[in-house]
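Counting from 1, the numbers follow the sequence of the chain as shown.
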Amino acid sequence: MARLSPLDRVRNIGIMAHIDAGKTTTTERILYYTGKSHKLGEVHEGTAVMDYMAQEQERGITITSAATTCEWAGHIINIIDTPGHVDFTIEVERSLRVLDGAITVLDGVATVEPQTETVWEQANRYRVPRVVFVNKLDRVGADIDANITALVDRLGANPIQVQHPIGAEASFRGVVDLVTLECLLWDDDSLGAEISRCSLAELGDADLTDEAELRRELMIDALAALDDALAARGGDASPEELRAALRRVTCAQLAVPVLCGSAFKNKGVQTLLDAVVAYLPSPLDVPPVEGFEVRGKEVLAERVTRAAADDAPASALAFKIVSDTYGALAYLRVYSGVIRAGDALFNATKGKRERVNRLMRMHANLREEIEVAYAGDIVAVVGPKDVSTGDTLCADEHRLLLEKIEFPVPVMRVAIEPKATADQDKLAQALERLALEDPSFQVLTDRETGQTLIAGMGELHLEVLVRRLADDFNVKANVGKMRVAYRETVTGSAEVEHTFERPSATGKGQFGHCRLRVSPASRGEGLRFLSRLPAAGGREGGREGGREGGRDAKGGRAQKQPKEARDAAPAFPEALAQAIRASVESIYSSGCIAGYPMVDLTVEVLEARLHETDSTEAAYQVAAAMALREACNAAAPTLLEPFMSLEVILPEGEDMGNIIGDINSRRGEISGVTFRGNSQVVTSLVPLEQMMGYATKMRTMTHGRGRYTMTFDRYAPVSPEVAKMLMGF
């Protein structure tokens, strides 16, 4: 099977935005105009092709990213439509990790919204070039200039306007292409499939002509400031030269072209596709993928690159796992080489071989079987044996480990149990499959109660997953009250030593000793473990023994050794050192104060004494655990709770007093009240624990007219009252 298109004519793009900005509607129009679909799917009617899950059709939102492939102007475009709700941000994260370009859709009235900022930052992190599509320009309050200003002020972007709307709000009917000064008008009778083209002079609108010519000059000046080749041309650049300059600055992420339209009213989508082809990069235009060489099963420190070419060794990243009635699917982005059905690849992440049984090209939930996947393709592998999100599959002879995908930490959890006791095993298996699909979802066990807990990104996230248990796995479950994922840390330093000793008169006893120091680590650093114990090979990792020496064979105190004897002492046994570390990591995961996982902690092992006969791994684990608990309790421990950035949007004229009062009652801090188009926006910082059931309360207070978005901001110390409640005082 030959390539569908040369590699320079391949585009791998994602469509990303805030919820309700029109991502899926835009994608549906793209599928219709490229001939992939033969009728327009509508989100509000539950007929959108890309929203194929039953819950997506019922709720009218995108929950999971969906992939498809279409053709436009001789180019193959692989598209991933991503969710806009913050609870499903993992879908955006893993999609952007494997894409070469993206379309950011803005609501023409609301401009840049909170989740737009989140996905924009994710795209910045993965260095993904973008074009911006200002959507919904047919709505009251839509303003192209307000959107351009918001791109600068709220996203720090460098927008270059390449289209200007013809008409405003209800009279919006087309755009002026500022590259050619050509007018494009969409025909409503043909569902936007037919476009009328004319010059500004033929349109006969003097004000529009002056405005378009001015904006074209601004576009050229902005481009010339960024592109030396265009600057050398002066003011007589041709449309082809302008497009080439736009492509260069877009691929270099120096600027973002701004287009406009109304996807729901079938205007502007074809020119958006033209911009994808003209301005966004092919796999050849982005830097070669980087990874680490794997020799045998050892990952080397040196970075290596792999060119996007069919004749290069095969390498691919599994960025999404899906379980359905037909089994598991692993979505792959092929970065280099060729992968054929039946090939045996090496999973560099897990150090195992994986056979590619069947290859599929996906169209939402529909499959097209193929024999070969080439560099630059996005495909799916049927029935992988042991592949997880973020795993690298590569040629066995040229092993490469690509960088893994970073996953967000769950902030909310609930207890779950099957309604029927007989479904206990089915529930466990179903939860395991859901956790494999969604790395932002975790399954935990409460150490005290033995309950099964599920953790996710928010109420909607967990609600959707519980519903999937019934719909997809036929397991009905009872769910407890939402619980917040608190954390523990220390704010001071403390040094403690502990000895665990259990002599035995009849045989070998138990002895373990550990002296350690705890202190805060930098924010986001996690566990920083340091050991001063002497390592193998005579390295001075720390001093063997301590001021009081070790223990003698009878369990009594040994005589203090001379310095020469201590220096000549053997290295501290690796197995015992690992036992201390394992104990520290276990306590770090389970907490020292109230049973919550810890964050940002430095643990330094200063000393560990040996007994000639009784030193055991179990004893050192106990000693390290007791020392760490005592040290944490002496180092000004504190509990942390997740705080959320809350944005409530109300229609202009709606009384916001109730909203502000309610936020204050939830221990929230109001950070601003602004106007955005015809809406009032209240922004605040609120503890997540206080936000349970907020959606229902907010809808009641605003008579269903308000909406809100909530994103994780940071962990911060809990109030004394909450701390007492959590610790049972």
Side-chain angles (χ1 to χ4, degrees), residues 51-59 61-66 83 87-88 90-91 94 318-331 347 350 352 354-355 357-358 360 362 364-367 380-391 407-483 485 589-590:
D51 285 350
Y52 60 87
M53 288 177 59
Q55 290 195 71
E56 292 178 316
Q57 294 166 1
E58 291 174 13
R59 299 173 187 269
I61 62 171
T62 301
I63 293 173
T64 183
S65 57
D87 281 16
F88 310 107
I90 179 61
E91 298 288 343
R94 58 183 172 190
F319 66 94
K320 181 179 172 71
I321 307 296
V322 174
S323 296
D324 59 19
T325 54
Y326 301 101
L329 279 177
Y331 283 71
N347 185 332
K350 292 189 168 69
K352 300 178 179 178
E354 184 77 37
R355 182 166 295 280
N357 297 315
R358 297 164 65 198
M360 297 288 172
M362 302 300 296
N365 61 333
L366 303 178
R367 309 177 180 190
V381 174
V382 178
K385 184 170 61 175
D386 187 13
V387 177
S388 304
T389 301
D391 285 1
F407 304 129
V409 178
V411 297
M412 187 173 290
R413 58 185 179 180
V414 297
I416 189 170
E417 63 181 15
K419 289 188 175 181
T421 307
D423 287 342
Q424 187 67 51
D425 290 341
K426 286 177 63 177
L427 176 64
Q429 294 170 7
L431 291 176
E432 182 180 354
R433 290 177 66 179
L434 289 176
L436 180 64
E437 285 188 32
D438 184 352
S440 65
F441 169 68
Q442 294 180 359
V443 183
L444 313 166
T445 301
D446 190 300
R447 292 186 302 119
E448 295 182 0
T449 65
Q451 285 181 300
T452 299
L453 306 177
I454 55 175
M457 301 304 297
E459 286 183 273
L460 180 61
H461 186 203
L462 294 177
E463 184 182 324
V464 166
L465 290 170
V466 171
R467 170 78 178 277
R468 283 195 61 193
L469 288 173
D471 292 350
D472 298 350
F473 302 98
N474 196 29
V475 179
K476 294 183 178 180
N478 294 319
V479 178
K481 183 182 176 182
M482 294 282 179
R483 297 174 58 190
S589 299
S590 59

If every non-hydrogen atom of [X] is compared with every non-hydrogen atom of [Y], which pair is closest and at what distance?
X: Ile321; Y: Arg94; value: N-NH1, 4.5 Å
X: Val479; Y: Val414; value: CG1-CG2, 3.5 Å
X: Gly383; Y: Asn357; value: O-ND2, 3.6 Å
X: Thr389; Y: Phe319; value: CG2-O, 3.6 Å
X: Ala455; Y: Leu444; value: CB-CD1, 4.3 Å
X: Ala364; Y: Ala66; value: CA-CB, 4.3 Å

Hey, is Asp471 close enough to Arg467 for a salt bridge, meaning N to O under 4.0 Å?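 Salt bridge present between Asp471 and Arg467.
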Please walk me through it: do Asp472 and Arg433 pass side-chain contact (heavy atoms from CB on, under 4.5 Å)? CA-CA 11 Å; Asp472 298 350; Arg433 290 177 66 179; over 6 Å; no
Any chance you could measure [X], atom [atom1], to [Y], atom [atom2], to the nearest 0.5 Å?
X: Asp423; Y: Leu469; atom1: CG; atom2: CG; answer: 10.5 Å
X: Leu453; Y: Thr445; atom1: CG; atom2: OG1; answer: 7.0 Å
X: Leu462; Y: Ile416; atom1: CG; atom2: CD1; answer: 9.0 Å
X: Gln424; Y: Gln429; atom1: CD; atom2: CD; answer: 11.0 Å
X: Lys320; Y: Ile90; atom1: NZ; atom2: CD1; answer: 9.5 Å
X: Thr64; Y: Glu91; atom1: OG1; atom2: CD; answer: 3.5 Å

For side-chain contact (heavy atoms from CB on, under 4.5 Å), just list the numbers for Leu329 and Arg367, CA-CA rounded to whole Å, side-chain angles, deciding distance to a tenth of an Å, and then say yes or no. CA-CA 11 Å; Leu329 279 177; Arg367 309 177 180 190; 3.5 Å; yes
Please check if atom CG in Asn474 has more than 12 non-hydrogen atoms from other residues, nucleotides or ligands closer than 6.0 Å.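 No, because the 6.0 Å sphere around CG of Asn474 holds 12 heavy atoms or fewer from other groups.
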Can Leu460 and Phe88 be said to form a side-chain contact (heavy atoms from CB on, under 4.5 Å), step by step? CA-CA 9 Å; Leu460 180 61; Phe88 310 107; 3.8 Å; yes
Would Phe473 and Leu431 count as a side-chain contact (heavy atoms from CB on, under 4.5 Å) here? Give the steps. CA-CA 10 Å; Phe473 302 98; Leu431 291 176; over 6 Å; no
Are Leu427 and Thr452 packed together at the side-chain level, in the sense that at least one heavy-atom pair is separated by less than 4.5 angstrom?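 They are not in side-chain contact.
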Check salt bridge (Lys or Arg N to Asp or Glu O under 4.0 Å) between Asp391 and all other residues, then give those that pass, not counting sequence neighbours.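 Only Lys350 meet the salt bridge (Lys or Arg N to Asp or Glu O under 4.0 Å) criterion with Asp391.
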Looking at Glu354 and Asp386, would you say the former's side chain and the latter's main chain have a donor-acceptor pair under 3.5 Å?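 At least one qualifying donor-acceptor pair exists.
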